[in-house]
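What follows is a set of notes on a single structure, which appears directly below.
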Amino acid sequence: MKIWVYIDHFKADAVSASWEAIGAAKALGGDVAAVVLGFGVENLANSAFEYGADEVLLGQDAALEDFRVENYATALSALASDATPDLLLFPTTSRGRELAGMVAMDLESGVLVDVVAMEMDGDKVLATRPIYAGKLLQKTVCNATPQIVTLRGRAFEKPEAESGRSGTLTQVQVTSGDEKSTVEGYAEAGGGVSLTDASVIVSGGRGTSNNPNLTAPDGMSEDEAEIWRAQQGFALIAELAETLGAAVGASRAAVDANYIPYANQVGQTGKVVSPDLYIANGISGAIQHLAGMRNSKVIVAINKDADAPIFKFARYGVVGDLHEIVPALNEAMKARLG
Ligand SMILES: Cc1cc2nc3c(=O)[nH]c(=O)nc-3n(C[C@H](O)[C@H](O)[C@H](O)COP(=O)(O)OP(=O)(O)OC[C@H]3O[C@@H](n4cnc5c(N)ncnc54)[C@H](O)[C@@H]3O)c2cc1C
């Protein structure tokens, strides 16, 4: 079987899930080629070999310097039409999803999105993916060729990089098509560790604003005071996250109430994450939030309400006020981690 793995990157900085996808492809068997598109991205070809690719298809063009899905899809679809891989793997990032969808249209195939496990079934890949907000797992096959699959980040193990490993480097000619958009610049999003790559996430919900011991500064409206209180709560969460080298997540209620930007939202309409450790603070555990984090290896919940649904999914639960527990946990972690 001929497997292509698309290496997703921003300005030659690859997302870790691209290397996980190479590991997943190797586990299926067959020839594994990494597809590296961009401009000034030779370093990614070397990394792809080190993570296990047998071949790298390197397509470079100035028009591919910035990711614009139409250019990338034109380039990738043309390559795949010529070389006819059996399986195309992408990481489930926003770029990966968009590109996989467009390439599937061009190649008249389908896409299995957010897959968490794969196995061979005859000459086809049988993919497992969560459905109904993660309540069920579905096993499914894409019957068209190439089969196109996006893999959930951190659901597959990242191979150990083997320094100095190499393979066949094939420079490919890319056609990038009509440009429908121009990129004028990038704005720094800030916020430290990326949510989707994080192995530890400390999250906050509506409970962050509920601190009866905190009096908002004079002159604030009720809404402003609520946001101010929540920001103090999220500052405690950020401190714990910093101690643990973790990313900061949030529920949609916290995002909708303007406590924290949308980029931090975890859940059905936010980011889907699978860290080793997820600490949920003042989050009730609504089904839509669980859809984004229930695959975390260990869930810790801190909530005032002993009956909060999140406790049904948590390995460890602390019933109490997050404003007392989070700082205490932070001190304990600092002492332990030095
Ligand atoms: C179509 C759709 C999509 C959605 N997508 C998402 C999504 O992607 N992500 C998401 O999160 N939600 C999503 N939601 C919203 C979801 O249904 C819930 O409303 C939301 O998750 C609730 O957020 P919360 O747990 O922070 O707030 P609440 O449900 O209000 O819970 C707050 C919790 O904090 C606890 N608490 C209060 N004070 C304290 C304190 N001082 N210390 C400790 N605990 C305290 C309370 O006991 C309570 O359990 C979606 C909803 C819909 C309809």
Side-chain angles (χ1 to χ4, degrees), residues 92-94 97 113-114 129-136 152-154 191 194-196 198 201-216 222-223 225-241 246-275 278-296 299-332:
T92 310
T93 55
S94 32
R97 275 173 184 259
V113 180
D114 209 19
R129 54 187 295 265
I131 55 168
Y132 298 122
K135 278 195 149 184
L136 290 177
R152 180 177 283 192
R154 295 183 52 81
S194 140
L195 258 184
T196 37
I201 295 175
V202 188
S203 264
R206 208 190 318 252
T208 50
S209 65
N210 182 21
N211 184 351
N213 301 322
L214 208 58
T215 312
E222 224 166 89
D223 285 353
E226 180 188 325
I227 293 172
W228 180 83
R229 280 197 307 274
Q231 284 166 346
Q232 314 310 307
F234 267 105
L236 302 176
I237 285 171
E239 279 171 26
L240 176 58
V248 173
S251 71
R252 176 160 161 181
V255 169
D256 284 352
N258 290 324
Y259 299 170
I260 187 159
Y262 170 68
N264 297 76
Q265 185 180 315
V266 171
Q268 190 179 323
T269 45
K271 301 218 165 69
V272 175
V273 296
S274 338
Y278 188 90
I279 308 179
N281 300 284
I283 294 178
S284 58
I287 175 85
Q288 297 89 352
H289 188 78
L290 292 168
M293 45 63 79
R294 66 193 301 161
N295 285 334
S296 307
I299 297 172
V300 176
I302 298 170
N303 198 300
K304 269 175 104 163
D305 175 5
D307 294 324
I310 188 88
F311 285 125
K312 292 202 183 93
F313 298 88
R315 171 99 55 98
Y316 304 101
V318 183
V319 179
D321 188 333
L322 72 92
H323 301 93
E324 291 166 17
I325 290 157
V326 172
L329 193 56
N330 189 25
E331 286 313 311

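Numbers here simply count residues along the sequence, with the first being 1. Order of appearance sets the numbers: ligands from 1, and atoms from 1 within every ligand.
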Original post:
Is the side chain of Asn264 donor-acceptor paired with the backbone N or O of Val248 at a distance under 3.5 Å, no angle test?
Top reply: yes
Original post:
Does any non-hydrogen side-chain atom of Ile283 lie less than 4.5 Å from one of His289?
Top reply: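 The answer is yes; the side chains approach within 4.5 Å.
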Original post:
If we only count heavy atoms from C-beta on, is the Ile201 to Ser296 side-chain gap below 4.5 Å?
Top reply: no
Original post:
Do the side-chain N and O atoms of Thr269 and Arg252 include a donor-acceptor pair separated by under 3.5 angstrom?
Top reply: yes
Original post:
Have Ser209 and Tyr259 got a donor and an acceptor in their side chains that come within less than 3.5 Å?
Top reply: yes
Original post:
So Asn210 and Lys304, side-chain contact (heavy atoms from CB on, under 4.5 Å) or not? Walk me through it.
Top reply: CA-CA 10 Å; Asn210 182 21; Lys304 269 175 104 163; 3.7 Å; yes
**OP:** Give the protein residues with at least one non-hydrogen atom closer than 4.0 Å to an atom of ligand 1, ordered by chain and number.
**Re:**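 For ligand 1, the contacting residues are Gly205, Arg206, Gly207, Asn210, Ser251, Arg252, Ala253, Gln265, Val266, Gly267, Gln268, Thr269, Gly270, Gly282, Ile283, Ser284, Ala286, Gln288, His289, Asn303, Lys304, Asp305, Gly320, Asp321, Leu322, His323.
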